[in-house]
Amino acid sequence: MPELPEVEAIAISLRLLVARHKIRCVHVLHPIVTQPQSPDHVTRSAENHKIQSVARRGKYLFLVLDRGVIEMHFRFDGHLIWFKNAKDLLDRANRKPDGVHVDVAFELDKGVLAFTDNRHLGRVHAWESIDACLGAAKLGIDPTSNEFTQAAFAELLAGSRRPLKAFLLDQSGIAGIGNIYSCEALWHARLDPRRRADSITSADRRRLHKAIVSVLRRALECCLQPAPDFRDPDWWFRGIDDILRVYNREGQACRRDGHPIRRLAQGGRSTYFCEYCQK
DNA sequence: CGCACATCCTGTGTGC
DNA sequence: TGCACACAGGATGTGC
């Protein structure tokens, strides 16, 4: 589920918790999560290595170790949970009927960081460096960085014949935007998600650039208020629905003109928009 | 090359 | 209530 703002909020909170701590031991409880890498590869790469820092690239999260990195990607349902110690983990993890689902656990001296994903689409991998991570290497510009200039954005738009919605979801152009914030940015910019990327005017482009930046910044503020609390097994971002204007609001009145929000399928994903004010 | 589509999984909500 | 089905905030490989 998480897009750039959620992963960034996780990175910020996790950094405070784990930076400069050593990984004593790794438990891969559901090996599917390390595929196509072997559980042993991930375990050996992490054990007895110190976490120097936590980094984000697009929607990828990295534990940067004194040697190598651990990549985590949450896809739809992945998230992180904190356990007090190994005993706490054994007592509560994967115990039916209502234990906490855990796929991979990293035991530190001060507690246990667990990656969990019921749906098992998320992944935990080990690489020699962030740049060696195949997925991260293909990522485009980070829209929260100063590389995301009008000029760079204009060049990307001009080079794509795809609908704006598909253009924004393409991680190799701009990295970190997902289904929610692409819909939101297009609404704020008053642009039809079906418009071809190379068809928009410079005024359109400036509005969309501004909308992307402000939507992501607003979402990050929301994700940090309150900040993620990994100790609570039920934690998740709250209050985000309140700042959304179109996502998951089919049939509701558009906040600008009162017309009903429509849903349509684009590339197998749902797009929400107002066809009266988004042109 | 660009693009549409199926696929990987499991849980939840909806309508009959 | 039980059941079938649609759908889910993502990325990748396939075939056209």
Side-chain angles (χ1 to χ4, degrees), chain A residues 1-10 29-37 56-61 71-80 94 96-104 115-125 133-140 143 156-187 193-194 196-198 212 215-216 218-220 222-223 228 234-251 263-273:
Chain A
M1 300 148 66
E3 303 183 22
L4 186 156
E6 288 84 358
V7 181
E8 180 66 24
I10 289 171
L29 306 178
H30 288 267
I32 189 174
V33 167
T34 67
Q35 282 182 11
Q37 295 185 347
R56 177 191 62 75
R57 293 284 187 284
K59 301 170 199 168
Y60 290 79
L61 185 74
E71 165 223 331
M72 300 184 187
H73 198 297
F74 302 110
R75 296 281 182 106
F76 285 108
D77 290 343
H79 63 292
L80 298 176
N94 303 344
K96 305 210 165 161
D98 44 25
V100 183
H101 179 89
V102 173
D103 295 302
V104 181
F115 178 96
T116 102
D117 182 358
N118 281 315
R119 208 167 156 188
H120 292 152
L121 291 173
R123 287 293 180 265
V124 176
H125 295 135
C133 168
L134 295 172
K138 294 177 199 154
L139 296 175
L156 286 172
L157 284 160
S160 175
R161 303 157 58 88
R162 311 178 75 181
L164 284 170
K165 176 68 181 328
F167 169 82
L168 291 176
L169 288 180
D170 181 356
Q171 303 299 300
S172 70
I174 302 166
I177 299 173
N179 210 28
I180 291 184
Y181 300 121
S182 56
C183 292
E184 293 299 311
L186 288 166
W187 181 83
R194 298 166 294 189
R196 263 174 57 158
D198 61 3
I212 290 168
V215 160
L216 295 177
R218 176 82 183 87
L220 176 59
C222 186
C223 288
D234 296 320
W235 83 272
W236 194 246
F237 300 101
R238 302 179 210 286
I240 291 188
D241 290 353
D242 299 337
I243 66 172
L244 302 182
R245 293 294 176 254
V246 283
Y247 185 80
N248 208 17
R249 292 185 181 277
E250 183 180 18
R263 177 164 78 111
L264 72 93
Q266 284 183 293
R269 317 285 303 275
S270 287
T271 294
Y272 298 87
F273 74 116

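Values reported hereafter were calculated over all heavy atoms of this structure, with side chains retained and with hydrogens, waters and symmetry mates removed. Proteins get letters first, then strands, A, B, ... in listed order; numbering begins at 1 in each.
- Aromatic ring pairs are classed by plane angle as parallel below 30°, tilted from 30° to 60° and perpendicular above 60°; the pair A:Y60 and A:H73 is perpendicular.
- A gap of 23 Å separates the P atoms of C:dA11 and B:dT12, to the nearest Å.
- The local environment of CZ in A:R249 is crowded, with over 12 non-hydrogen atoms from other residues, nucleotides or ligands closer than 6.0 Å.
- Positionally, the nearest nucleotide of DNA chain C for A:R119 lies more toward the 5' end than for the other of A:R119 and A:K138.
- Remark: side-chain polar atoms of A:E3 are paired, donor with acceptor, to backbone N or O of A:Y181 under 3.5 angstrom.
- Across all strands shown, A:L169 has no heavy atoms under 4.0 Å from either base or sugar-phosphate atoms.
- Of the possible donor and acceptor atoms, one in the side chain of A:R123 sits under 3.5 Å from a partner among the backbone N and O of A:H120.
- Taking atom P in both C:dC7 and B:dA6, the straight-line distance is 14 Å, to the nearest Å.
- Of the candidates C:dA8, C:dA11, B:dA4, C:dA8 carries the atom nearest the A:Y272 side chain, counting heavy atoms from C-beta on.
- Remark: C1' of B:dG13 and CD of A:E250 are 14 Å apart, rounded to the nearest angstrom.
- Taking atom NE2 of residue A:H120 and atom C1' of nucleotide C:dT12, one finds them 19 Å apart after rounding to whole Å.
- Atom CG in A:L264 sits roughly 15 Å away from atom C1' in C:dC7 (whole-Å rounding).
- Using a 4.0 Å heavy-atom criterion, one finds that A:S270 contacts the sugar-phosphate atoms exclusively.
- Atom P of nucleotide B:dT10 and atom NE2 of A:H30 are separated by 10 Å, given to the nearest angstrom.
- In this structure, A:G135 reaches the sugar-phosphate backbone alone: every heavy-atom distance under 4.0 Å involves primed, P, OP1 or OP2 atoms, never a base.
- Among the protein residues, A:G268 comes within range of no part of the nucleic acid, since none of its heavy atoms lies under 4.0 Å from any strand.
- When distances are taken from the side chain of A:R75 to each of C:dT12, B:dC3, B:dC9, the shortest belongs to C:dT12.
- In this structure, A:R269 atom CZ and B:dC5 atom C1' are separated by 13 Å, rounded to whole Å.
- Contacts of A:Q171 with the nucleic acid, taken as non-hydrogen atoms under 4.0 Å apart, involve only primed sugar atoms and P, OP1 or OP2.
- A salt bridge links A:D170 with A:R162; the closest basic N to acidic carboxylate O contact falls under 4.0 Å.
- We find that CZ of A:R161 is positioned 12 Å from C1' of B:dC1, with the value rounded to whole Å.
- Applying the Watson-Crick and G-U wobble criteria (two distances, each under 3.5 Å), B:dC9 pairs with nothing in any strand.
- Here B:dT10 presents its P atom at 16 Å from NE2 of A:H79, a figure rounded to the nearest Å.
- Among B:dC9, C:dA11, C:dC7, the nucleotide with an atom closest to any side-chain atom of A:R263 is C:dC7.
- Within the 4.0 angstrom heavy-atom criterion, only backbone atoms of the sugar-phosphate kind lie near A:Y60; the bases stay farther away.
- Note: A:W235 and A:H79 have perpendicular aromatic rings, judged against thresholds of 30 and 60 degrees for the angle between ring planes.
- Under 3.5 Å, the side chain of A:R123 and the base of C:dA11 form no donor-acceptor pair of N or O atoms.
- At whole-Å resolution of the value, NE2 in A:H125 and C1' in C:dG10 are 14 Å apart.
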